[in-house]
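On a predicted model such as this, the values are computed, not experimentally measured, just so you know.
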Amino acid sequence: AEAARDAGDHRLAADHFLRVRDAAPSSAIRPAAEYDAGSSLIALEDWAGAASVLDAFREAHPDHPLRREATKQMAMVYRSAEDPGRAAVEYERVAEEAETPEARREALLLAGEQYELAERTDSALSVYKRYVDAFPSPLETAVEIRFKVAELHGESGDTRARERELRRIVAIDEEAGSQSNEVVRFFAARSALALAVSSYDRFAEVKLVQPFDANLAKKKKRMDQALATFEALVDYEVGEATAGATFYIAQVYLEFSRSLLASERPAELSGSDLDDYELVLEEEAYPFEEQAIEVHEKNLELMALGVYNEWIEKSLHELGQMMPGRYAKFEHSTGPIASIDEYAYRVPERAAVPEPDAASELEPTDTTEAVHVPATDERVEAG
């Protein structure tokens, strides 16, 4: 067997090594021969044969010093055979049998990765949670795994668990202070962006129906909260978070513009009064659409620096909808260019929001009464 192995004939070597098991089952060299047979089959990339031989070795020799190595080999074999479910189970065994923290840490990471590939989300979550509990450092890896846990919770529909992990990541970055680094900030920024989306959703869910003034005040308050939340993300100076925040800031303005146009009209208005009311609504809504365009265009500035990500693509799509003559063709022809991690710019000043308790009046005609509309005394100025 050794001569065949040295000659590079691993099939013959494996056959000879296994003959020891049959010819001398109680001999002292049998365990090593079986293990070597598995190694020769691995050299041949005979994954099924290697797994069978190594598994039999473990069963027959549970106390042998090579048992841990056999488990490592089986994990590698199943991984190479693209059988992630079995590979993950073996990596868990490697972690349990590991003699050093570093070996256990690496095995847990590989087990989680293989469970993900096998689409066994619950098992992946279990392994990753064990990892972050046991290995809070290195900080970068722990934060990355927590973000992965958050994503898995999101995929499984557990929103509360997802948000809990995202908040923990943001808190870890804050607690780290000067000890934080680019990797930790990157995942903290992505987490903060994911959490911030709820502030946009809360703002968007408010409809400008009657009583108009009360709902306008409510929407304005949530608008301010959403804008402040997204503007704060720029401080991370992480490209993806900045682009994402920019997209949502623009969408806040666009949503407000569209909400004004879609607002419930006073039931008592009709005819020319309603026409005048519609005209003023359009005048009030237009500056917010202009502001949305301006902010979306800020995202396109990143492309000049070689950055292209999903948020820039979304901004380009929105611009293509609002200004098809200028952006639609560009939207369909462009594609990913490159990516960088950091970019920051000055957020455009906010457009003024109509105050619900300061409605302006249109001059009445000879046949109409004064019409109250949701607008300030002066036309809204885009920032």
Give the other cluster members for Phe17, using side-chain heavy-atom distances under 4.5 Å between Ile, Leu, Val, Met, Phe, Trp and Tyr residues; answer none if it is isolated.
->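 The other cluster members (ILVMFWY side chains, heavy atoms under 4.5 Å, direct or chained): none.
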Please identify each residue that fulfils side chain to side chain contact (heavy atoms under 4.5 Å, CB included) with Arg86, with sequence neighbours left out.
->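 Here the qualifying residues are Tyr78, Asp83.
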Taking Asn299 for its side chain and Ala243 for its backbone only, find out whether a donor-acceptor pair lies under 3.5 Å.
->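 Such a contact is found between Asn299 side chain and Ala243 backbone.
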Main-chain N/O of Ala176 paired to Ser180 side chain as donor or acceptor, under 3.5 Å =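 The answer is no, because no donor-acceptor pair under 3.5 Å joins these two groups.
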Intermediate values then yes/no, side chain to side chain contact (heavy atoms under 4.5 Å, CB included), Ile169 and Arg167 | CA-CA 5 Å; Ile169 292 169; Arg167 294 185 191 284; over 6 Å; no
Stepwise side-chain hydrogen bond (donor to acceptor under 3.5 Å, both in side chains) test for Tyr91 and Glu106 | CA-CA 9 Å; Tyr91 278 121; Glu106 182 179 354; over 6 Å; no
Validation row, ring centre His317 to ring centre Tyr327 under 6.0 Å =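 No, the ring of His317 stays outside the 6.0 Å limit from the ring of Tyr327, centre to centre.
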Angle class for the Tyr248/Phe230 ring planes (parallel below 30°, perpendicular above 60°, tilted otherwise)?
->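 Taking Phe230 first and then Tyr248, their aromatic rings lie parallel (interplane angle under 30°).
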Any side-chain donor near an acceptor of the partner, Arg19 and His16, under 3.5 Å |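 His16 and Arg19 do have a side-chain donor-acceptor pair below 3.5 Å.
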Taking all heavy atoms of [X] and all of [Y], pick out the closest pair and write down the distance.
X      : Y      : value
Val77  : Trp47  : CG1-O, 3.3 Å
Gly112 : Ala124 : O-CB, 3.9 Å
Tyr308 : Ile312 : CA-CD1, 3.9 Å

So, is the end of the Lys219 side chain (NZ or CZ) under 6.0 Å from the ring centre of Phe256 and within 45° of the ring's axis?
->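 So Lys219 doesn't make the cation-pi contact.
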Identify whether the distance between the nearest side-chain nitrogen and carboxylate oxygen of Arg104 and Glu96 falls below 4.0 Å.
->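 Salt bridge: no.
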Asp55 and Arg58 ion-paired at < 4.0 Å |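 Here Asp55 pairs with Arg58 in a salt bridge, since their nearest N and O are under 4.0 Å apart.
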Under 3.5 Å, side-chain donor or acceptor atoms of residues 140-155 against the rest of the protein: list the pairs with distances, not counting sequence neighbours.
from, atom 1, to, atom 2, distance (Å)
Glu140, OE2, Asn181, ND2, 2.6
Arg146, NH1, Glu165, OE1, 3.1
Lys148, NZ, Glu116, OE2, 3.4

